[in-house]
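A quick write-up on the structure given underneath.
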Amino acid sequence: MSINRLDQWVGRNRLSPNEIDGNRFLKAASLFAGTAIQYGRDRYSGRDMPLFADCLHTDHLKAPRSMTSHRTGTEPKPAVWSFFQNQQNLMRLLASLSQFTGDDTYIRAAGEAAEYMFNNYWYPESGVLHWGGHGYVDLVTGNRYGMKGVVHEIEDVYPYWELLRAVNPDRGEMLMKGIWEANIKDWDALHYNRHGDFRKQVDHASTWSRPWNGYKAPEISGDLSFISVALDLAYAAYSLGYQKQEEAPRMWAERLLNLIIQQRDPKTGILPNLVHPQSDKRGLNVFGRKYPQATEPRVYVGNQLNHTITQMMGMLTIVENAQKYGRIGEMAHIKAAVEQHIIGFLNASYDPKNNTLKSIVIDGTDLTGFRIKGPFRTEKLYFGAKEDGAFLPQNITPLFTSVCARGYRVSGGKSAFRDYLRTMFKAFGIGDIGADKNCEPMLNFDTTALEPAYIFALVDLYRVEPKAEFLAMAERVGDNLLQGRQHIDSGLFTLEDGFILQSKVMDKPELQEGHEGKSVSELLQDTHRTANLDAMEPLALLSIYAAQTGQYNIMPGWTAGGLYLKVSSVGHIVSKEMQLWFDKPALKQFYKDSNINCTWSIDERAFPNLFKR
């Protein structure tokens with residue numbers, strides 16, 4: 001691949017090593033990226049594929065392997081995961097570092113990974129890559145694997161479309177069309193499912209030229225039409241329309257978002273969780289006897305409450321993308337609906353006295369205390385629900401500060417976002433930003449807060465109100481983050497031992513899952529040494545550097561990312577098997593305790609492509 005295609009990501013002012021080391025935040029992000037490039041790429045297959053593993057062990061600087069998680073049942077040996085869709089934060093980080101430093105090493109690594117995916121793991125029938133929540137590349141064999149029939153899934157991804165189309169313009173465009181073609185089941189109704197077909201035969205020339213005569217009732221039902229999927233589809237179509245200056249993909253994106261907006265609650269403005277009527281096979285229509293309006297699309301409950309931040313950040317990213325390309329006038333009503341949804345949700349769900357979220361119907365009905373009664377057609381309920389239980393309030397994730405600050409900036413300074421941000425910052429120990437932008441902030445510079453969410457929020461606030469105190473607080477949180485989570489030698493990040501992963505969902509102890517309310521040390525003891533390469537921490541630190549230097553135009557934005565967790569620091573926790581991979585006695589005991597019949601070798605010396613550090 002010619003680096004000329006990616007020349008726009010290489011800064012003209014090449015920084016010296018001393019200049020990079022002279023800023024602790026730029027230095028930390030560069031160290032992380034250097035480790036990811038040196039140790040995170042394939043060293044297992046013997047092919048030197050330029051693909052990244054999802055995570056690295058902080059002591060061994062190798063990727064752990066898995067045989068029991070996320071498998072299709074056809075893996076011949078333990079696999080090293082490479083979920084390319086889970087590496088979009090890493091792609092953005094590498095691209096931004098090349099812009100900040102003038103060193104093309106970073107963007108070249110990102111471009112090589114994307115190019116290799118297009119050349120080797122791209123489906124010409126559909127135009128999609130082998131990616132998504134159910135498809136991964138094994139860096140040991142180079143084979144494609146996944147789970148649940150290996151279906152295409154796009155949800156909460158928001159790919160780095162500018163990079164992907166720069167690497168391969170034609171296949172990048174076919175990918176942006178392909179995710180629509182694979183996941184839209186009925187174009188007349190814009191009925192979609194989060195699961196699609198990798199090998200669907202598609203005519204990409206006619207994707208946007210289909211006739212449109214208004215919305216029709218869908219002829220199919222039962223699909224998982226979460227709005228997170230629609231937001232990713234819309235983001236792709238808008239991005240393609242902006243990049244190519246074409247109206248048709250933007251029109252289809254607008255139609256899809258209008259379908260969601262049509263189903264918002266007229267009183268609160270809260271958007272539905274699902275777009276199309278869902279069958280009750282998932283056992284979530286549990287409130288009907290008392291609240292007939294509380295069908296699954298119209299409720300936000302349990303551990304789903306904090307997941308809403310990725311939807312909200314996605315909505316704001318779509319609006320900001322339109323602003324970036326000078327197209328915000330085309331979606332003024334969508335921007336207004338997004339603002340109303342976020343504020344409406346917080347009005348209905350957020351309890352400022354306790355800094356918690358309560359389960360709600362989108363009309364504002366409080367579901368706290370509702371006792372879930374069966375019988376149900378399925379034994380499994382979702383979002384932490386259990387029969388005979390009631391939903392507890394959920395501790396609000398710090399990521400909501402990022403939502404409020406981003407909303408404040410993208411909305412042009414809407415005070416409701418700032419008011420909620422002020423309340424949350426005080427609750428999280430950051431201090432008082434002031435009743436309005438004319439008030440003097442009273443921040444707590446003794447805080448031990450270290451969540452990257454606070455950094456994103458403070459930098460967004462600083463962009464609207466450039467007060468020195470806001471940037472100084474971002475730097476303070478950044479210093480706490482460096483001390484509390486970054487490994488000095490490798491630059492990788494892991495969570496602190498006392499971090500609580502997830503609130504308890506049900507009110508009865510016997511109905512609570514074993515991991516709920518537990519800290520990292522309680523769950524993993526001393527085994528938490530696996531670092532995610534899609535981590536948000538280096539993006540946050542680089543955001544501080546962007547604010548310090550005023551280079552907002554190349555600041556890497558965070559929208560979503562990580563492997564599993566969407567309720568805290570995204571993506572730091574992987575399966576227990578992977579956490580224990582390099583501790584063979586403990587791994588064997590884990591298999592025994594979990595009643596797993598280990599018929600495969602866990603000795604890496606048995607693998608022909610063993611490497612040395």
Side-chain angles (χ1 to χ4, degrees), residues 1-17 19-21 23 25-42 48-54 56 82 84-122 129 131 157-173 175-176 239 243 321 324 491-492 532-546 549 551-559 561:
M1 177 185 64
S2 172
I3 192 63
N4 292 335
R5 287 190 190 173
L6 306 179
D7 187 59
Q8 61 179 305
W9 279 281
V10 182
R12 298 296 174 261
N13 180 28
R14 177 71 179 258
L15 299 185
S16 69
E19 288 175 306
I20 294 173
D21 290 347
N23 184 286
F25 304 116
L26 179 60
K27 176 183 177 181
S30 300
L31 177 60
F32 174 91
T35 295
I37 293 171
Q38 183 175 357
Y39 296 108
R41 295 195 286 186
D42 167 41
D48 292 324
M49 296 185 291
L51 301 181
F52 289 89
D54 283 350
L56 286 176
S82 181
F84 186 63
Q85 91 287 348
N86 284 340
Q87 297 169 5
Q88 299 306 296
N89 284 335
L90 177 60
M91 298 296 107
R92 288 181 169 95
L93 174 73
L94 296 174
S96 295
L97 276 170
S98 281
Q99 293 179 81
F100 282 122
T101 66
D103 185 347
D104 67 10
T105 301
Y106 305 109
I107 186 59
R108 186 184 294 276
E112 288 172 351
E115 181 182 50
Y116 197 86
M117 287 295 299
F118 278 125
N119 289 343
N120 296 275
Y121 300 103
W122 178 75
L129 293 170
W131 67 350
V157 178
Y158 306 100
Y160 196 5
W161 291 123
E162 290 88 351
L163 173 66
L164 293 175
R165 282 203 67 242
V167 169
N168 193 317
D170 293 336
R171 292 187 177 184
E173 179 175 347
L175 171 60
M176 298 165 93
S239 296
Q243 291 174 27
N321 203 32
K324 182 175 83 171
L492 299 174
N532 179 21
L533 295 187
D534 201 47
M536 60 199 297
E537 282 84 352
L539 285 176
L541 297 173
L542 203 54
S543 296
I544 299 175
Y545 179 72
T549 57
Q551 299 180 82
Y552 298 118
N553 60 316
I554 58 175
M555 183 176 72
W558 175 81
T559 301

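Put simply, the side chain of R171 reaches to within 4.5 Å of the side chain of N119, judged on heavy atoms. Side-chain contact between W122 and N168: absent, with no pair of heavy atoms (C-beta onward) separated by less than 4.5 Å. Between L6 and L163, some side-chain heavy-atom pair lies under the 4.5 Å cut-off. Two residues are said to be in side-chain contact when any heavy atoms from C-beta on lie closer than 4.5 Å; Q551 and Q99 fail this criterion. Under the 4.5 Å side-chain criterion, counting only non-hydrogen atoms from C-beta, W558 is not in contact with R92. The shortest side-chain heavy-atom distance between N321 and Y158 does not fall under the 4.5 Å cut-off.
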Quick one, L15 with L26, criterion side-chain contact (heavy atoms from CB on, under 4.5 Å). Give me CA distance, side-chain angles, the key distance, then yes/no. CA-CA 11 Å; L15 299 185; L26 179 60; 3.8 Å; yes

Test D534 against Q88 for side chain to side chain donor-acceptor pair (under 3.5 Å), laying out the working first. CA-CA 7 Å; D534 201 47; Q88 299 306 296; over 6 Å; no

Go through the steps to decide whether I554 and W9 satisfy the test side-chain contact (heavy atoms from CB on, under 4.5 Å), and finish with yes or no. CA-CA 9 Å; I554 58 175; W9 279 281; over 6 Å; no

Evaluate salt bridge (charged side-chain N to carboxylate O under 4.0 Å, His left out) for K324 paired with E162, printing each intermediate quantity in order. CA-CA 13 Å; K324 182 175 83 171; E162 290 88 351; 3.0 Å; yes

Test log, rule side-chain contact (heavy atoms from CB on, under 4.5 Å), inputs N89 and L533: CA-CA 8 Å; N89 284 335; L533 295 187; over 6 Å; no

With side-chain contact (heavy atoms from CB on, under 4.5 Å) as the criterion, how do S30 and Y106 come out once you've worked through the C-alpha distance, each side chain's angles and the decisive distance to 0.1 Å? CA-CA 9 Å; S30 300; Y106 305 109; 3.8 Å; yes

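Not a single ring pair (Phe, Tyr, Trp, His ring centres under 6.0 Å) links F25 to another residue, sequence neighbours left out. Every residue was checked against the ring pair (Phe, Tyr, Trp, His ring centres under 6.0 Å) condition with Y116, not counting sequence neighbours, and none meets it.
For the residue pair S239 and M176, the shortest heavy atom distance occurs at CB-CE, 3.7 Å. Closest non-hydrogen pair, G102 versus R14, comes out as O-CD, 3.3 Å. The shortest non-hydrogen separation linking L93 to A29 is CD1-CB, 4.4 Å. Residues M49 and D42 come closest through the heavy atom pair N-OD2, 2.9 Å. Smallest separation of non-hydrogen atoms from R41 and P50: CD-O, 3.5 Å. Of all the heavy atoms in F118 and L164, the pair that sits closest is CE1-O, 3.5 Å.
The distance from the CD atom of Q87 to the CG atom of D54 is 5.0 Å, given to the nearest 0.5 Å. In this structure, CE in M91 is found 11.5 Å from CD in Q85, a value given to the nearest 0.5 Å. With rounding to the nearest 0.5 Å, the separation of OG1 in T101 from CD in E19 is 10.5 Å. Taking CZ from F32 and CG from L90, the interatomic distance works out to 6.0 Å, rounded to the nearest 0.5 Å. The NZ atom of K27 lies 11.0 Å from the CD1 atom of I20; values are rounded to the nearest 0.5 Å. The CG atom of N532 sits 10.0 Å away from atom CG of L492, with the distance rounded to the nearest 0.5 Å.
Between the side chain of S82 and the backbone N or O of F52, at least one donor-acceptor pair lies under 3.5 Å. Under a 3.5 Å cut-off, the side chain of R108 and the backbone N or O of D103 do not form any donor-acceptor pair.
Each of L97, L94, V10 was scored for a side chain to side chain contact (heavy atoms under 4.5 Å, CB included) with I107, with one residue passing: V10.
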